[in-house]
Amino acid sequence: PADWSEAVEAAAGALQAGGLVAVPTDTVYGVACLAQDSAAVRGIYSLKGRNGAKPLAICLGDVERLYRYCHVNVPDELLRDLLPGPVTLVLERSEELNKDLNPFTSLVGVRIPDHPFMRDLARACPGPLALTSANISSQGSTLTVLEFQDLWPQLSLVIDGGPIGDIQSPECRLGSTVVDLSVSGKFSIIRPGCALTPTVEILKKYGLVPESS
């Protein structure tokens, strides 16, 4: 629906109250909380049974906001060619980001989903969202809200955006393509995901080379 202002308002309210909210994205269903809220971040790990050494990505509504939370060493045009889209860019984190979010790494993955609800929700929140897939760790990612109903009792709110992509297609469950851009002039693919080929084409267009080379 084009008018999801009520859903955005409800989700932003639940997040600001420290809750975990299930959300549709441009790839799979996700669970979000406020990245700057340490208790909520711990809640996501416990919800998913996730290994504490596995980082969470942050989600923003616009490319401009990325500069506040990351040290960017690629051209702005490159960012805008990839984002919004089904890509997670791994960059050096800035001091602005919550120290309790991924305290074991100086890097952070950033998502700007190509999904109008997610972008509106991110814009409605004071800081970045922490975002992960809506599933128990090591289980398959989910394309409908019914597929993760075992998590519902621990969520403050579930936003049903309908089925995402083709539920029959395994490719649709791959999640975003994760690419490390933290080394100047180079890239390395951390997870091929659902958008590998177009992502690599864009990176090469800007002269970046694979880190192994």
Side-chain angles (χ1 to χ4, degrees), residues 1-15 19-35 40 43-50 54-62 81-89 109-125 128-179 189-199 202:
D3 183 32
W4 38 43
S5 53
E6 278 181 34
V8 169
E9 203 175 310
L15 291 166
L20 309 182
V21 176
V23 289
T25 76
D26 53 351
T27 53
V28 296
Y29 270 88
V31 175
C33 75
L34 294 188
I44 279 197
Y45 280 94
S46 122
L47 170 85
K48 287 185 58 112
R50 188 180 177 93
K54 282 186 76 176
L56 296 175
I58 62 169
C59 166
L60 301 167
D62 299 283
D81 268 3
L82 289 172
L83 302 173
V87 185
T88 302
L89 301 184
V110 185
R111 281 275 275 132
I112 301 179
D114 190 9
H115 192 292
F117 171 81
M118 275 313 293
R119 295 189 69 194
D120 284 353
L121 177 59
R123 290 179 184 127
C125 292
L129 303 177
L131 184 65
T132 181
S133 52
N135 56 335
I136 302 285
S137 274
S138 81
Q139 293 186 2
S141 48
T142 55
L143 301 177
T144 69
V145 295
L146 284 174
E147 290 181 346
F148 59 88
Q149 59 184 331
D150 50 335
L151 301 182
W152 290 2
Q154 298 168 75
L155 298 167
S156 300
L157 191 65
V158 175
I159 302 290
D160 187 353
I164 297 174
D166 174 5
I167 298 173
Q168 301 308 317
S169 156
E171 283 76 44
C172 280
R173 296 186 190 269
L174 293 175
S176 62
T177 295
V178 182
V179 55
I189 301 298
I190 295 174
R191 178 175 76 189
C194 63
L196 180 62
T197 304
T199 299
I202 289 169

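In this structure Thr88 satisfies the side chain to side chain donor-acceptor pair (under 3.5 Å) test together with Ser176, sequence neighbours excluded. When the side chain to side chain contact (heavy atoms under 4.5 Å, CB included) test is applied to Ala22, the partners found at least two apart in sequence or on another chain are Phe148, Leu155, Val158. With sequence neighbours excluded, the residues satisfying salt bridge (Lys or Arg N to Asp or Glu O under 4.0 Å) with Asp62 are Arg119, Arg123. For Glu171, the side chain to side chain donor-acceptor pair (under 3.5 Å) criterion is met by Ser169, not counting sequence neighbours. Evaluation of the side chain to side chain contact (heavy atoms under 4.5 Å, CB included) rule for Ala195 yields Pro86, Thr177, Pro198, Thr199 as partners, not counting sequence neighbours. Remark: Ala10 engages Leu157 in a side chain to side chain contact (heavy atoms under 4.5 Å, CB included) (not counting sequence neighbours). In this view, Ile202 and Asp81, Leu82, Tyr206 satisfy the side chain to side chain contact (heavy atoms under 4.5 Å, CB included) rule, not counting sequence neighbours.
Sorted by first then second residue, the side chain to side chain donor-acceptor pair (under 3.5 Å) pairs that include residues 143-159, not counting sequence neighbours, are Glu147-Arg173. Listed by first and then second residue, the salt bridge (Lys or Arg N to Asp or Glu O under 4.0 Å) pairs involving residues 24-35 are Asp26-Arg111 (not counting sequence neighbours). Sorted by first and then second residue, the salt bridge (Lys or Arg N to Asp or Glu O under 4.0 Å) pairs with a member in residues 5-14 form an empty list; sequence neighbours excluded.
Between Pro24 and Ile159, the shortest heavy-atom contact is CD-O, 3.7 Å. For the residue pair Thr25 and Gly30, the shortest heavy atom distance occurs at CG2-N, 4.4 Å. The minimum heavy-atom distance linking Ala35 with Leu129 is given by the pair CB-C, 3.9 Å. Minimum interatomic distance between Ala40 and Leu20 (heavy atoms only, all atoms of both residues): O-CD2, 3.5 Å. Residues Cys33 and Gly19 come closest through the heavy atom pair CB-O, 3.9 Å. Of all heavy-atom pairs spanning Trp4 and Pro116, the tightest one is CZ2-CB, 3.4 Å.
A distance of 9.0 Å separates CD1 of Ile58 from CD1 of Ile112, quoted to the nearest 0.5 Å. Rounded to the nearest 0.5 Å, atoms CG (Leu47) and OG1 (Thr132) are 9.0 Å apart.
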Kindly determine whether Val23 and His115 satisfy side-chain contact (heavy atoms from CB on, under 4.5 Å), including the steps that lead there. CA-CA 10 Å; Val23 289; His115 192 292; over 6 Å; no
Chi angles and distances behind the side-chain contact (heavy atoms from CB on, under 4.5 Å) call for Val31, Lys48: CA-CA 10 Å; Val31 175; Lys48 287 185 58 112; 5.9 Å; no
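Side-chain contact between Cys125 and Leu34 is present, with at least one heavy-atom pair separated by less than 4.5 Å. Side-chain contact between Arg50 and Leu56 is present, with at least one heavy-atom pair separated by less than 4.5 Å.
Side-chain N or O atoms of Asn135 include one that pairs as donor or acceptor with a backbone N or O of Gly140 at under 3.5 Å. Using a distance-only test at 3.5 Å, with no hydrogens or angles considered, no donor-acceptor pair links the side chain of Tyr29 to the main chain of Ile164.
For the side chain to side chain contact (heavy atoms under 4.5 Å, CB included) with Val178, the lone residue among Ile189, Val87, Ile190, Leu196 that qualifies is Ile190.
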